[in-house]
Each structure stands twice: as structure tokens, then as C-alpha cells.
Amino acid sequence: MALKITIAENEAEFDRMAAWQIIREMLVNPKAVIGLATGRTTKNMHLIVGDIYKANPFDTSSITLFGLDEVTNVPREYAGACYTMLKNEIVEALKIKDKNFIIPPTLSDNFEKECRIFQSELEKRGGIDLQILGLGTNGHLGFNQPGTPFGQETWISKMDEELEARIRKETNTPPEKELGGITLGLKNIMHSRKILLVAKGEAKASIVKEMLYGSVTPDVPASILQLHPNCEFLLDREAAKYIT
Ligand code: GLP
């Protein structure tokens with residue numbers, strides 16, 4: 001099966017192309033269930049979605065936006081919590097109702113239960129129409145780190161050491177308190193009707209190549225996307241450096 005790869009000339013074009021995909025999904029399907037990813041890659045595209053919407057408003061009252069993953073055991077208002085990032089970057093700008101913005105909680109005394117609630121909330125809405133995915137430099141998707149089984153459903157994973165160290169510092173979380181990442185599993189991601197994986201910048205170039213042309217293996221969670229029937233890979237020139 002040929003992979004669908006789009007290479008944007010530069011970062012600005014990359015952000016714009018991704019933003020229009022989100023806008024398109026909402027216009028084509030006013031009841032769309034759209035999964036979002038946070039991070040440096042997606043921030044600008046989210047802001048552009050808000051700008052496009054402001055210039056061309058439309059009814060978003062039946063759109064569901066959800067966060068693919070969330071950091072556990074930090075306050076939801078912490079600037080690095082996915083809830084806060086998504087709210088500020090895109091959810092408020094699109095006037096999405098609170099009940100239509102779904103994301104696992106940052107705090108809970110039963111995260112196992114929160115995983116099941118999150119997943120069944122998405123199922124009740126008919127499943128995922130469009131899932132936007134970032135890419136970790138180690139090939140992770142959401143918080144599904146290398147080694148995650150392909151059949152994994154929503155769960156609480158470890159985050160990578162670098163991110164954990166940063167969050168600990170920013171939130172003053174002591175070492176004895178556990179930090180984790182609650183995330184949609186690879187199985188749920190694969191059940192999305194459409195996927196847009198976005199990767200930009202030179203730091204992602206080698207993992208992009210592995211994801212697209214390496215073996216399909218849990219060692220590189222994103223490699224599973226080679227098997228998805230409707231996945232587009234949007235890259236900028238730098239991330240596509242090793243793609244001929
Ligand atoms: C974190 C998030 C992922 C995201 C990834 C990429 O690990 N949990 O959902 O895809 O970062 O981040 P960035 O775009 O900053 O490289």
C-alpha cells in the first residue's frame with residue numbers, strides 16, 4: 001500500500017496545511033469527533049485554526065474535540081497540562097462547549113476507571129473521525145512509548161525521561177510523587193477513521209524515516225501507522241530530509 005506523504009515547503013505552509021485539514025473535517029462533518037495532540041508541533045496549527053474560524057465563523061455546537069493524552073498528578077491549570085494547552089490554543093477560539101471537550105483528568109484516585117470513562121465517552125459519540133498525532137523522537141504516539149503492544153487500549157503510561165524531568169521542575173513535583181501519561185492506546189488510535197500525523201523539524205528526520213520505511217514494530221510505535229488505511233503523513237522539508 002502506498003503511503004500518503006505530503007511535504008510542506010516550510011514551517012508556515014506546514015502549519016497552514018494542517019490547520020485547514022481540521023477546518024475541513026469540521027465543515028464536512030458538523031458532528032465530527034476530532035482528537036488533538038499537544039506540543040511544539042501542533043501549537044501554531046491550533047492557533048491558525050482559531051484565526052480561520054474567527055474570519056469565517058460556522059456552527060461548532062455539535063463538534064467534539066478531545067485530547068489524545070494528559071499528564072497525571074499535576075494541576076489541570078498547569079501550563080504544561082494538555083487540558084490547559086488545548087483550551088488556550090484552540091478549544092476556546094472555536095467556541096466548543098465544555099461538554100464537547102473531552103480529555104482525561106490530571107487528578108484522580110482511580111486512573112484505571114478514568115481510562116474506561118474516557119474511551120467509552122468517545123465510543124458513545126461514534127468513535128474518532130480525525131485523529132491528529134505528533135511524533136516523539138523515539139517514535140512514541142501520545143504517551144505510548146517504545147514497547148507498547150499494538151493491542152493496547154487507553155492506559156497510564158510512563159512519559160519519556162526528558163519530559164518528566166521538565167514537568168517535575170516546572171510543577172515542583174517531588175521524586176516520590178509519580179508522574180505519568182494517560183493516553184489513548186495504539187489500538188484506539190488505529191480505529192480512527194482518519195489520521196493526520198504531523199512532524200516538523202530536523203530533530204524528527206531520522207525517526208520519520210524509521211516510522212515510514214522501517215519494520216512495523218512496537219519498538220517504534222508510530223510504525224504501526226504504515227498499516228492504517230487512511231493515514232496522511234504531513235512533514236516539512238526538514239523532517240522529510242531522509243525521504244526520497
Ligand atoms: C508529547 C505528547 C505527544 C506529542 C509529543 C510531540 O509526548 N504527549 O502527544 O505528540 O509530545 O511533541 P512535540 O510536538 O513538542 O515534539
Side-chain angles (χ1 to χ4, degrees), residues 15 34-50 64-94 96-119 121-122 131-148 152-186 188-189 197-201 203-204 207 221-222:
D15 294 333
I34 303 175
L36 301 169
T38 52
R40 290 153 293 190
T41 313
T42 50
K43 183 174 180 192
N44 282 347
M45 70 181 66
H46 290 161
L47 298 175
I48 294 171
V49 170
T64 296
L65 294 186
F66 73 92
L68 149 90
D69 53 11
E70 183 56 290
V71 180
T72 62
N73 294 326
V74 298
R76 197 168 78 157
E77 292 69 30
Y78 157 54
C82 300
Y83 169 86
T84 291
M85 285 197 260
L86 291 176
K87 258 227 157 277
N88 294 339
E89 292 172 9
I90 182 168
V91 172
E92 277 180 3
L94 289 177
I96 301 295
K97 297 177 192 162
D98 282 348
K99 73 171 172 69
N100 289 341
F101 174 39
I102 305 173
I103 185 159
T106 55
L107 301 173
S108 171
D109 47 22
N110 190 345
F111 279 114
E112 280 300 330
K113 192 169 148 211
E114 302 298 348
C115 289
R116 305 284 75 79
I117 294 174
F118 175 62
Q119 206 171 295
E121 196 52 52
L122 295 177
Q131 177 64 59
I132 311 292
L133 294 174
L135 175 66
T137 45
N138 63 357
H140 74 238
L141 294 178
F143 279 122
N144 296 286
Q145 302 296 347
T148 305
Q152 182 67 55
E153 298 194 32
T154 306
W155 67 304
I156 307 118
S157 154
K158 285 216 167 302
M159 57 181 92
D160 60 75
E161 279 174 19
E162 199 190 312
L163 183 63
E164 179 170 339
R166 194 172 87 209
I167 294 179
R168 260 188 209 287
K169 201 165 151 218
E170 288 176 4
T171 54
N172 276 324
T173 304
E176 59 277 12
K177 192 160 155 199
E178 205 174 325
L179 283 179
I182 189 166
T183 182
L184 216 57
L186 296 174
N188 312 110
I189 289 174
L197 179 127
V198 290
K200 68 178 169 187
K204 302 278 170 79
I207 194 67

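Throughout, residue positions are numbered sequentially from 1 according to the sequence presented. Computation of the quantities below employed the complete heavy-atom set of this structure, encompassing side-chain atoms and omitting hydrogens, waters and symmetry-equivalent molecules.
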Legend entry - Closest non-hydrogen atom pair between Leu135 and Ala199, with its separation: CD2-CB, 4.2 Å

Legend entry - Considering all heavy atoms, the nearest Phe101-Ile96 contact: N-CG2, 4.2 Å

Inset, instruction - Just jot down the side chain to side chain donor-acceptor pair (under 3.5 Å) partners of His140, sequence neighbours excluded, or say none. - result: Asn138, Gln145

Inset, instruction - Would you indicate whether the side-chain heavy atoms of Val198 and Ile132 approach each other to under 4.5 Å? - result: yes

Inset, instruction - Looking only at non-hydrogen atoms, find the nearest pair between Ala37 and Gly134 and report the distance. - result: CB-N, 3.8 Å

Inset, instruction - Find out whether Ile189 and Leu133 are in side-chain contact, i.e. whether some heavy atom of one side chain is under 4.5 Å from a heavy atom of the other. - result: yes

Inset, instruction - Over all heavy atoms of both residues, which pair between Thr106 and Ala81 is shortest? Give the atoms and the distance, please. - result: CG2-CB, 4.2 Å

Inset, instruction - Enter the distance from Asn172:CG to Tyr78:OH here, rounded to the nearest 0.5 Å. - result: 10.5 Å

Legend entry - Met45 CE to Ile90 CD1 distance, which is reported to the nearest 0.5 Å: 9.5 Å

Inset, instruction - Answer yes or no: is there a donor N or O on one side and an acceptor on the other, between the side chain of Glu89 and the main chain of His46, under 3.5 Å? - result: no

Return a table of donor-acceptor pairs under 3.5 angstrom between the side chains of residues 64-71 and protein atoms on other chains or two or more places apart.
from  : atom 1 : to     : atom 2 : distance (Å)
Thr64 : OG1    : Arg125 : NH1    : 2.8
Glu70 : OE1    : Cys82  : N      : 2.7
Glu70 : OE2    : Cys82  : N      : 3.4
Glu70 : OE2    : Tyr83  : N      : 2.9

Inset, instruction - Write out all pairs satisfying salt bridge (charged side-chain N to carboxylate O under 4.0 Å, His left out) with one or both partners inside residues 78-88, taking only residues at least two apart or from two chains. - result: Lys87-Asp98

Legend entry - Rounded distance (nearest 0.5 Å) linking atom CD of Gln131 with atom CG of Leu36: 7.5 Å

Inset, instruction - Measure the shortest side-chain to side-chain distance between Ile102 and Phe118 over non-hydrogen atoms and say whether it is less than 4.5 angstrom. - result: yes

Legend entry - OG1-CG distance between Thr42 and Leu47, expressed to the nearest 0.5 angstrom: 9.5 Å

Legend entry - N/O donor-acceptor pair under 3.5 Å between Asn144 side chain and Leu141 backbone: yes

Legend entry - salt bridge (charged side-chain N to carboxylate O under 4.0 Å, His left out) contacts touching residues 152-162 (sequence neighbours left out): Glu153-Lys187

Legend entry - Ser108 side, atom OG; Ile117 side, atom CD1 - distance, nearest 0.5 Å: 7.5 Å

Legend entry - Heavy-atom closest contact (Ala203 atom, Thr137 atom, distance): O-CG2, 3.7 Å

Legend entry - Sequence neighbours excluded - salt bridge (charged side-chain N to carboxylate O under 4.0 Å, His left out) pairs with any residue from residues 107-119: Glu112-Arg116

Legend entry - Approximate separation, where rounding is to 0.5 Å, of Arg76 CZ and Leu107 CG: 9.5 Å

Inset, instruction - Measure the shortest side-chain to side-chain distance between Val74 and Glu170 over non-hydrogen atoms and say whether it is less than 4.5 angstrom. - result: no

Taking distance alone, no hydrogens or angles, what donor-acceptor pairs closer than 3.5 Å link side-chain atoms of residues 176-185 to residues at least two apart or in another chain?
from   : atom 1 : to     : atom 2 : distance (Å)
Thr183 : OG1    : Phe143 : N      : 3.1

